[in-house]
Protein chains: 2
Amino acid sequence: MVLPGSILFSKMTDSVEEHPVEGRTATRRGKRERLVAAAVEMIFRQGVEATTLADIAAEAGVPLGNVYYYFKTKNDLVLAVIEAHLAEARAMFAAIDAAHAAPVDRLKALFGSLAERSDLIARYGCPHGSLCLELDKRPDGPGPAAELLREGVSWAETQFRAMGRPDARELAVQVIARYQGTALLTSTFRDASLMEAEASRVAQWIDTLD
Amino acid sequence: MVLPGSILFSKMTDSVEEHPVEGRTATRRGKRERLVAAAVEMIFRQGVEATTLADIAAEAGVPLGNVYYYFKTKNDLVLAVIEAHLAEARAMFAAIDAAHAAPVDRLKALFGSLAERSDLIARYGCPHGSLCLELDKRPDGPGPAAELLREGVSWAETQFRAMGRPDARELAVQVIARYQGTALLTSTFRDASLMEAEASRVAQWIDTLD
DNA sequence: GTCTATAGCCAGATAGAC
DNA sequence: GTCTATCTGGCTATAGAC
């Protein structure tokens with residue numbers, strides 16, 4: 001099965017409008033998207049604080065000053081990054097739902113795709129967890145970043161509930177926590193096999209619940 | 001059972017030497033320790049990047065410029081913070097080992113004490129995981145911070161091995177990953193009950209392995 | 001050993017020509 | 001809409017009096 005490429009690996013296409021009725025709109029969309037894609041990439045690799053707007057602008061091939069035409073502040077750009085991750089995550093869950101009817105298969109498919117990314121996770125960790133943890137340290141809390149984890153928990157809860165589990169919520173929290181914790185150890189120890197081993201363990205565990 | 005207070009909650013005592021044979025040494029030790037304690041606290045709450053030396057100096061009641069008498073760079077101070085956490089973690093494991101002979105009880109004791117800290121974890125997360133994740137984003141990797149997780153994995157591995165489990169290493173990785181992942185969700189959602197629920201689940205799980 | 005003042009740098013953000 | 005040049009502030013780190 002092929003899942004949609006994560007936003008992390010496939011840069012967003014600089015979609016040139018197919019019918020560029022108005023040149024300005026086409027250009028604007030392209031630059032904005034490139035900036036967000038560059039920000040997603042750089043923040044994934046370096047974290048929010050360590051990534052400068054100059055880094056992002058350079059990666060996107062946009063002059064620094066021009067960034068402020070699209071985003072009033074750095075934080076606005078970070079919010080756009082979170083939105084992009086959210087949209088990507090939702091697309092992935094939708095694709096899994098479309099490809100598999102049984103909740104058991106859906107849950108296994110999720111961990112299968114995570115295992116496929118184990119190399120990237122070993123290098124940079126899970127982008128959702130990283131964002132939540134870093135933004136959580138801010139005075140105003142994680143804010144919208146928390147949605148990144150909530151989305152996964154909700155989706156998993158739906159699957160467990162469809163399996164007839166009354167403890168669906170708890171199981172969903174557990175399965176996401178196991179993934180996030182494994183991602184942390186996988187990246188800290190730079191050992192992709194940890195995530196792969198966890199994926200197969202989760203698959204077995206899911207079967208015992210069915 | 002009472003475990004030694006974590007470095008996170010009990011500030012290091014500004015130990016005035018009981019026999020201050022030499023005034024200078026006593027003062028120096030006190031200031032250095034206060035700086036490390038303040039750094040541990042501020043970095044736990046705000047993260048490494050967001051914490052300035054001015055923050056730390058103010059918290060410790062030391063003039064900013066004086067910090068450089070004790071630490072050549074900010075990074076040196078961060079290393080001292082990691083060392084302090086390591087020492088604290090080792091002390092905690094030693095205390096558990098001393099209080100319980102059976103590995104099953106030792107593992108349960110660990111999660112019991114983590115559950116007791118659930119409120120603090122709900123606010124700021126696990127300091128070890130936070131440090132690993134943030135420093136992992138640096139060009140040179142997590143460096144010595146990885147020891148923080150390795151220490152826990154090694155200790156857990158020893159317990160599982162004493163239980164006669166040939167898969168002790170894998171089990172140790174799993175149990176630490178479960179804790180770290182739960183800590184992330186606990187702090188992101190500001191819900192201490194997640195950690196408490198996980199602690200009792202782990203206790204049950206440990207029993208099934210015995 | 002201690003502390004004040006400040007140097008030097010680099011980030012986010014803005015002004016304004018084009 | 002685009003881009004260069006620059007302002008402003010805050011941070012790490014140092015100089016040097018005491």
Side-chain angles (χ1 to χ4, degrees), chain A residues 14-17 20-40 42-43 45-82 134-135 137-140, chain B residues 14-17 20-36 38-39 42-43 45-82 134-135 137-140:
Chain A
D14 303 358
S15 61
V16 176
E17 308 269 297
V21 178
E22 197 189 358
R24 288 183 185 180
T25 304
T27 307
R28 173 165 180 166
R29 285 231 182 108
K31 281 204 178 175
R32 203 195 136 92
E33 281 172 8
R34 264 157 51 210
L35 281 169
V36 173
V40 165
M42 298 299 293
I43 287 175
R45 298 205 299 242
Q46 302 183 337
V48 175
E49 297 283 337
T51 299
T52 69
L53 291 177
D55 287 339
I56 296 167
E59 174 89 4
V62 172
L64 174 58
N66 205 344
V67 172
Y68 288 90
Y69 177 76
Y70 298 97
F71 303 95
K72 265 191 280 296
T73 66
K74 179 180 179 179
N75 195 55
D76 282 355
L77 182 47
V78 172
L79 292 178
V81 166
I82 293 170
E134 190 173 0
L135 298 181
K137 300 273 181 191
R138 292 186 173 184
D140 34 330
Chain B
D14 303 358
S15 61
V16 177
E17 309 270 299
V21 177
E22 195 188 359
R24 288 184 186 180
T25 304
T27 307
R28 172 165 181 165
R29 285 235 181 105
K31 280 205 180 176
R32 202 194 137 92
E33 282 173 9
R34 264 156 53 209
L35 281 170
V36 174
M42 298 300 292
I43 287 176
R45 297 205 299 242
Q46 301 183 338
V48 175
E49 296 283 335
T51 299
T52 69
L53 291 177
D55 288 337
I56 296 167
E59 175 88 4
V62 171
L64 174 57
N66 206 345
V67 172
Y68 288 90
Y69 177 75
Y70 296 97
F71 302 95
K72 263 192 283 294
T73 66
K74 178 179 179 179
N75 195 55
D76 282 356
L77 182 47
V78 172
L79 293 179
V81 166
I82 293 170
E134 190 174 1
L135 298 180
K137 301 273 181 192
R138 292 187 172 185
D140 34 330

Measuring from [X]:[atom1] to [Y]:[atom2], what's the distance to the nearest 0.5 Å?
X	Y	atom1	atom2	result
B:Leu79	B:Leu135	CG	CG	9.0 Å
B:Leu35	B:Ile56	CG	CD1	8.0 Å
B:Lys137	A:Thr51	NZ	OG1	9.0 Å
B:Lys31	B:Asn66	NZ	CG	4.5 Å

Measure [atom1]/[X] against [atom2]/[N] and give the value in whole Å, please.
X	N	atom1	atom2	value
A:Leu77	C:dA13	CG	P	10 Å
B:Lys74	D:dG10	NZ	P	16 Å
B:Asn75	D:dA13	CG	C1'	14 Å
B:Met42	D:dC11	CE	C1'	15 Å
A:Asp55	C:dC10	CG	P	13 Å
A:Tyr70	C:dG12	OH	C1'	19 Å
B:Leu35	C:dT2	CG	P	10 Å
B:Asn66	D:dA13	CG	C1'	14 Å

Measuring from the side chain of [X] (C-beta onward, heavy atoms only), which nucleotide among [options] has the closest atom?
X	options	value
A:Leu53	D:dT2, C:dA13, D:dT12	C:dA13
B:Thr52	C:dT4, C:dT2, D:dT12	D:dT12
A:Thr73	D:dT2, C:dA13, D:dC3	C:dA13
B:Leu64	D:dT12, C:dT2, C:dG12	D:dT12

- Checking A:Glu134 side chain against A:Val48 main chain: does a donor-acceptor pair fall under 3.5 Å? yes
- Message: Using OP1 and OP2 only, check whether a side-chain N or O of B:Tyr68 sits under 4.0 Å from C:dC3.
- Response: no
- Query: Distance check: side-chain N/O of B:Tyr69 vs OP1/OP2 of C:dT2, anything under 4.0 Å?
  - Reply: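 For C:dT2, OP1/OP2 do not have a side-chain N/O of B:Tyr69 under 4.0 Å.
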